[in-house]
Amino acid sequence: MESIWSRTWKAETRPSLEKHIQADVAVIGGGMAGILTAWQLKQAGVKTVVLEAERIGGGQTKNTTAKITAQHGLFCYQWIEKKGEETARKYVKANQEAVEEYKRIIREQKIDCDFRISDAYVYSADVEQLKKEVEAAQKLGVSATLERELEIPVSGCGAVRFPVQAQFHPLKFITALARQLCVYEHTPVTKVKEHLAETAGGSVRADKIVLATHFPFINFPGMYFTRMHQERSYVLALEGAGKLKGMYIGAGKEDFSFRSYDRYILLGGEAHRSGENQEGGEYAALIESAKKMFPQSTVAACWSNQDCMTTDQIPFIGQYAEKYPYWFVATGFQKWGMSSSMVAARLLRDLLCGRKNEYAEIFAPSRFSAEEIPNLLKEGGKAVKGLTKRFFSLPHKTIAALEPGQGAIVETPQGKAGVYKTKTGEIHQVNPVCPHLGCALSWNPEEHSWDCPCHGSRFDGEGKWLNGPAQEGITRE
Ligand code: FES
């Protein structure tokens with residue numbers, strides 16, 4: 001399950017931290033947001049160190065579809081109605097400036113990263129909705145147009161077009177920028193205490209600390225887990241499916257994402273909340289759709305991604321919590337990690353350098369609006385469900401009945417356990433309880449992992465940590 005980006009790019013390795021050092025800023029997380037933030041800070045003359053738990057771009061960055069766009073679904077008319085014109089305008093402007101900043105950096109730094117200017121489209125069969133969106137986007141300053149003829153195989157649909165957006169190879173780009181930075185790989189931060197970021201081999205003492213770890217792993221203060229959940233989605237690289245000029249995404253939850261890369265069309269879809277896999281499998285469903293849309297194509301690669309979704313659809317970028325004015329955060333990028341990472345990098349640079357930034361307020365983690373309340377209640381309900389499931393769900397399988405290559409909660413002589421039977425029949429038992437806040441884990445038959453429905457932590461079949469906010473693996477029994 002390796003993405004097309006990982007398959008086509010191998011970056012040089014960086015050392016891990018084995019000493020105690022000092023810096024102006026320590027950035028925790030070497031994904032797109034962390035590397036861009038460190039790079040922007042370096043341009044501003046700030047001595048910055050990046051601590052990455054695994055490899056640069058090795059988390060969600062390697063699994064993105066890598067569309068760089070300010071078009072985040074059909075949001076303009078809805079946001080004007082719900083959040084007001086001023087917020088909607090600033091959000092679009094911040095993201096459009098992020099697109100322009102990618103263009104500038106790639107041009108000025110001469111980065112070879114398969115960068116291509118491309119229009120972005122959101123398609124839908126609801127033409128009235130599309131018309132409303134075009135009008136709203138134009139009101140917000142975007143030269144959006146309504147298109148009736150589309151190059152993708154979706155019948156009866158039109159689309160809203162945002163011109164002159166972009167796409168690239170994210171790992172080629174991030175590696176090129178990281179070469180200019182002080183980055184330690186395979187250096188997970190185990191603890192942050194005031195100005196000190198501790199790792200197994202050393203520590204960094206910094207005036208300011210940025211948490212750019214996809215989902216923040218510090219629970220208190222901040223409590224980001226009450227305001228975010230994670231969603232998984234799936235991507236196929238289709239060979240023999242032709243080429244697309246534009247980048248597309250459907251307006252509906254069941255719709256698809258399309259873009260070209262090299263000789264492939266990248267088809268994305270089948271999104272769901274982490275820990276809630278559908279019967280029959282997401283890859284199988286996506287392959288079925290691919291066969292209908294591109295009957296001549298073959299699947300060259302498939303992979304999945306995980307996104308942090310906030311309760312008001314706006315990322316959290318800014319001061320981490322009132323108690324620690326020198327901690328900062330960038331998270332909750334919804335499905336738009338490329339443009340949001342650049343928005344975060346520029347905003348954090350300004351905040352850390354004491355400069356004014358017109359977008360600070362709309363992304364501030366301390367914001368709160370009544371609009372969030374229904375989603376906050378929903379998140380709370382999901383957490384309670386995840387916790388109670390741990391105590392009241394009954395295992396309905398035995399180890400003997402498990403198919404090779406599958407896992408389940410089973411009854412063992414020692415009690416309830418999570419068991420994974422490998423293809424060769426090897427048995428791995430884990431405690432199927434999430435070390436983050438104790439929710440019951442679900443088996444993910446697609447990825448052979450244990451996933452948490454509460455906030456999206458994941459562990460492989462043997463219990464090894466894959467994704468936060470949990471910071472450790474699940475105990476083997
Ligand atoms: Fe929070 Fe599992 S991720 S309880």
Side-chain angles (χ1 to χ4, degrees), residues 28-29 31 53-54 59-60 63 188-192 211-233 271-277 304-311 315-316 320-321 329-334 337 365 372 375-393 407-409 416-420 429-477:
I28 306 173
E54 297 194 346
Q60 303 312 315
N63 295 331
V189 171
T190 49
K191 202 170 177 187
V192 181
L211 282 109
T213 52
H214 183 65
F215 200 123
F217 59 83
I218 298 172
N219 293 327
F220 308 100
M223 292 174 58
Y224 288 89
F225 59 86
T226 60
R227 301 167 75 192
M228 289 203 296
H229 71 273
Q230 299 201 64
E231 278 191 16
R232 301 190 59 68
S233 49
H272 63 86
R273 187 180 177 111
S274 302
E276 295 181 355
N277 286 72
S304 62
N305 195 13
Q306 184 150 298
D307 295 297
C308 289
M309 316 297 285
T310 64
T311 43
F316 295 123
Y320 192 85
V329 67
T331 187
F333 295 165
Q334 310 286 116
E372 286 190 62
N375 285 333
L376 278 170
L377 294 174
K378 197 169 142 199
E379 288 311 315
K382 287 274 182 191
V384 170
K385 197 172 157 207
L387 282 166
T388 48
K389 195 173 156 207
R390 175 179 152 192
F391 299 106
F392 298 118
S393 70
I409 307 291
K416 205 157 65 170
V419 175
Y420 167 48
Q429 284 195 36
V430 299
N431 179 11
V433 175
C434 183
H436 178 228
L437 291 172
C439 286
L441 299 172
S442 306
W443 176 249
N444 176 341
E446 296 287 284
E447 312 284 345
H448 292 179
S449 61
W450 294 100
D451 297 359
C452 182
C454 288
H455 318 108
S457 293
R458 298 179 61 236
F459 314 87
D460 74 10
E462 297 178 29
K464 192 176 148 248
W465 178 91
L466 292 174
N467 288 126
Q471 266 191 295
E472 58 197 289
I474 40 182
T475 352
R476 288 144 224 227
E477 294 175 341

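Both counts, for ligands and for their atoms, begin at 1 and track the order of listing. All residue numbers in this chain count up from 1 along the given sequence. In this text the structure is predicted, and so the values were computed from the model without any measurement.
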Among the N/O/S atoms of H455, which is closest to atom 1 (Fe) of ligand 1? Give the atom name. ND1

Which atoms of ligand 1 sit under 4.0 Å from any heavy atom of S457? 3 (S)

Contacting atoms of ligand 1, where contact means under 4.0 angstrom from a heavy atom of H436: 1 (Fe), 2 (Fe), 3 (S), 4 (S)

To the nearest 10°, what's the angle at atom 2 (Fe) of ligand 1 between atoms SG (C452) and SG (C434)? 110°

Under 3.5 Å side-chain donor-acceptor pair for T311 and E379: no

So, S274 and Q230: side-chain donor and acceptor under 3.5 Å apart, yes or no? no

Identity and separation of the nearest protein heavy atom to atom 4 (S) of ligand 1: L437 N, 3.3 Å

Look at the aromatic rings of F215 and H436 and report parallel, tilted or perpendicular, splitting at 30° and 60°. perpendicular

Sort out for me which residue in Y420, W465, W443, F459 forms a ring-ring contact (aromatic ring centres under 6.0 Å, His included) with W450. W443

Do Y224 and I218 have side chains that get closer than 4.5 Å, going by heavy atoms? no

